[in-house]
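Please read the structure below before turning to the comments.
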Amino acid sequence: MLANIQGLRWFAALSVVVFHAHLTIAFYTLQPMNLRAEAAGVDVFFVISGFIMVHTTRSGNVSPPQFWAHRAIRVVPLYWVATLAAMAIFATGILRASILPFDAGDAITSFLFIPHLRHELWLPILPVGWTLIFEVYFYFLFGLALYLRNQTAAVAALAAFFLSTWAFGQITNILPAPVAFLTHLITIEFAAGCVLGLIWQATENIRIPAPRLIGGGAIAAGVLLIIAFDSTGLPLWDIVDLRAILWGGPAVMIVAGALVLERAGIRFTSAFIALLGAASYAIYLVHVVALELVIVPALAFIPNLSGPSLVIMAIQAIAAAGIANVAPTIRARYTNVRRSNA
């Protein structure tokens, strides 16, 4: 995995963690949320996902069944475990903000990644699972596109499909609600990431002038635009089509900027950041519940939790969430080092 993409996955996860920390604190203290731009970490994730799919299948030797099997192994087991853990903790009665009441039908749709309206929200039992529903949908379609045996044609077909289904959903009301949910324009962020993957390959031997200025400028501009659009008061943090434009566009700029710096040799060199990037999926899955388990006791001692305390809570949740994924990696690397020195 490219160093800057790994690092960016970590910072995107951190951004979402801080956003949900804000939400959790607001739920228990009734403090207003003045900034929701951190939620755009999801949009960065979607763009990265599209890029990675193209980057990892560039050899053309990956068949659709192989692709689907690899994605299922990577995504499904940990999501199911995190969902089961959330359900078990909810049963104890100590979760009020992160998990909504559920029934057997909710469990079935959640485990099968089926969009399902619960409590007037399109959220599975594990709330962050709404993004996994889109991810799995994208993986299914990307796998189908691999049958074209040409990445450019596959990406073009995906982009055309996402745009046409969105347009169809806008002009008609005949789609079942779960299907209509999947036609949100936010899916175009995956296609945009795929395009970045194609550009990355096509420019492999091209020297980019002033990479620090271009790459760093693109990242800074993307972050500033996300914050600026959030300050308009539009509900971009929710699943709305406008988000794909006003946050999706800057997310593409951020990922593109990171790639420009990578191509110029300006990259994250910290092994710890790389490990956190590898743990980003585990962090993302369990951080909402972990935050509530950390913040609720803390509020008993810090009633006006905010500012630096918020950062502390986020870091604690990240540490707890990443242990399961990071520890085996560290152990494996330590074992390899010992073997090589034997």
Side-chain angles (χ1 to χ4, degrees), residues 5 8-9 11-13 15-16 18-19 33-54 115 121-123 128 130-139 141-142 145 155-173 175 177 179-200 214-215 217-260 284:
I5 293 298
L8 195 56
R9 289 173 66 189
F11 285 107
S15 176
V16 178
V18 173
F19 170 70
M33 287 187 62
N34 298 319
L35 183 66
R36 294 176 172 176
E38 306 101 325
V42 167
D43 303 85
V44 175
F45 269 128
F46 282 4
V47 176
I48 289 175
S49 183
F51 173 83
I52 291 175
M53 294 309 102
V54 168
L121 296 170
W122 288 93
L123 295 177
V128 295
W130 74 264
T131 63
L132 270 296
I133 292 173
F134 279 108
E135 287 277 2
V136 169
Y137 176 58
F138 166 59
Y139 296 154
L141 293 175
F142 188 89
V155 171
L158 277 173
F161 182 81
F162 288 144
L163 288 172
S164 61
T165 52
W166 169 75
F168 185 78
Q170 294 297 303
I171 62 178
T172 68
N173 293 316
L175 294 175
V179 177
F181 173 83
L182 293 173
T183 66
H184 276 293
L185 193 59
I186 199 169
T187 55
I188 203 64
E189 294 176 357
F190 294 115
C194 290
V195 171
L196 287 181
L198 294 177
I199 294 174
W200 172 261
I214 295 175
I219 293 172
V223 171
L224 291 174
L225 283 173
I226 287 172
I227 295 173
F229 289 136
D230 178 61
S231 67
T232 63
L234 296 170
L236 300 179
W237 65 283
D238 201 356
I239 310 172
V240 292
D241 291 334
L242 193 59
R243 171 181 185 154
I245 301 172
L246 300 187
W247 276 359
V252 173
M253 295 172 63
I254 292 170
V255 178
L259 290 170
V260 168
Y284 184 75

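Atoms considered below: every heavy atom in the structure, side chains included; atoms not considered: hydrogens, waters and symmetry mates.
- Within the 4.5 Å cutoff, the side chain of Leu246 has no heavy atoms near those of the Asp230 side chain.
- Under the side chain to side chain donor-acceptor pair (under 3.5 Å) criterion, Ser15 pairs with no residue, sequence neighbours left out.
- Rounding to the nearest 0.5 angstrom, the gap separating the CD1 atom in Ile254 from the CZ atom in Phe11 is 12.0 Å.
- Distance alone, capped at 3.5 Å, is enough to place a donor-acceptor pair between the Ser164 side chain and the Ala160 backbone.
- Under the side chain to side chain donor-acceptor pair (under 3.5 Å) criterion, Trp166 pairs with Asp241, not counting sequence neighbours.
- Applying the ring-ring contact (aromatic ring centres under 6.0 Å, His included) test to Phe162 and every residue at least two apart in sequence or in another chain returns nothing.
- How far CG of Leu182 is from CD1 of Ile133: 7.5 Å, rounded to the nearest 0.5 Å.
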Q: Please lay out, stage by stage, how Leu259 and Ile5 fare under the test side chain to side chain contact (heavy atoms under 4.5 Å, CB included).
A: CA-CA 8 Å; Leu259 290 170; Ile5 293 298; 3.9 Å; yes
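- In this structure, the separation between SG on Cys194 and CD on Glu189 is 12.0 Å, given to the nearest 0.5 Å.
- Every residue two or more places apart in sequence or in another chain was checked for a side chain to side chain donor-acceptor pair (under 3.5 Å) with Tyr137, and none qualifies.
- Atom CZ of Arg36 and atom CD1 of Ile227 lie 15.5 Å apart (nearest 0.5 Å).
- For residues 40-53, the set of pairs meeting the salt bridge (charged side-chain N to carboxylate O under 4.0 Å, His left out) definition, not counting sequence neighbours, comprises Asp43-Arg243.
- Between atom CG of residue Leu141 and atom CE of residue Met53 there is a gap of 13.5 Å, rounded to the nearest 0.5 Å.
- Between Ala218 and Gly257, the closest heavy-atom pair is CB-CA, 3.9 Å.
- In terms of the side-chain contact (heavy atoms from CB on, under 4.5 Å) criterion, residue partners of Leu175 (sequence neighbours excluded) are, by chain and number, Phe168, Val179, Ala180, Thr183.
- For the residue pair Trp130 and Val42, the shortest heavy atom distance occurs at CH2-CG1, 3.9 Å.
- The shortest distance between side-chain heavy atoms of Leu225 and Phe229 falls below 4.5 Å.
- Here the shortest heavy-atom pairing between Ala221 and Met253 reads CB-CE, 3.5 Å.
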Q. Where do Leu196 and Val54 land on the side chain to side chain contact (heavy atoms under 4.5 Å, CB included) test, with the steps shown first?
A. CA-CA 9 Å; Leu196 287 181; Val54 168; over 6 Å; no
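- The side-chain contact (heavy atoms from CB on, under 4.5 Å) with Leu163 is formed by just one residue from the set Thr187, Leu158, Ile188; it is Ile188.
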Q: Please report the C-alpha distance between Thr131 and Phe46 in whole Å, then the side-chain angles of each, then the deciding distance to 0.1 Å, and finally whether the side chain to side chain contact (heavy atoms under 4.5 Å, CB included) criterion is met.
A: CA-CA 9 Å; Thr131 63; Phe46 282 4; 3.9 Å; yes
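- From Ile186, atom CD1 reaches atom CZ of Phe138 across 13.0 Å, with rounding to the nearest 0.5 Å.
- Of the candidates Ile219, Val47, Val255, Val255 is the only one forming a side-chain contact (heavy atoms from CB on, under 4.5 Å) with Leu8.
- Gly41 and Ala12 make their closest contact through O-CB, 3.7 Å (heavy atoms, listed as atom of the first residue, atom of the second, distance).
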Q: Applying ring-ring contact (aromatic ring centres under 6.0 Å, His included), run through Phe190 and Phe134 and close with a yes or a no.
A: CA-CA 9 Å; Phe190 294 115; Phe134 279 108; 7.3 Å; no
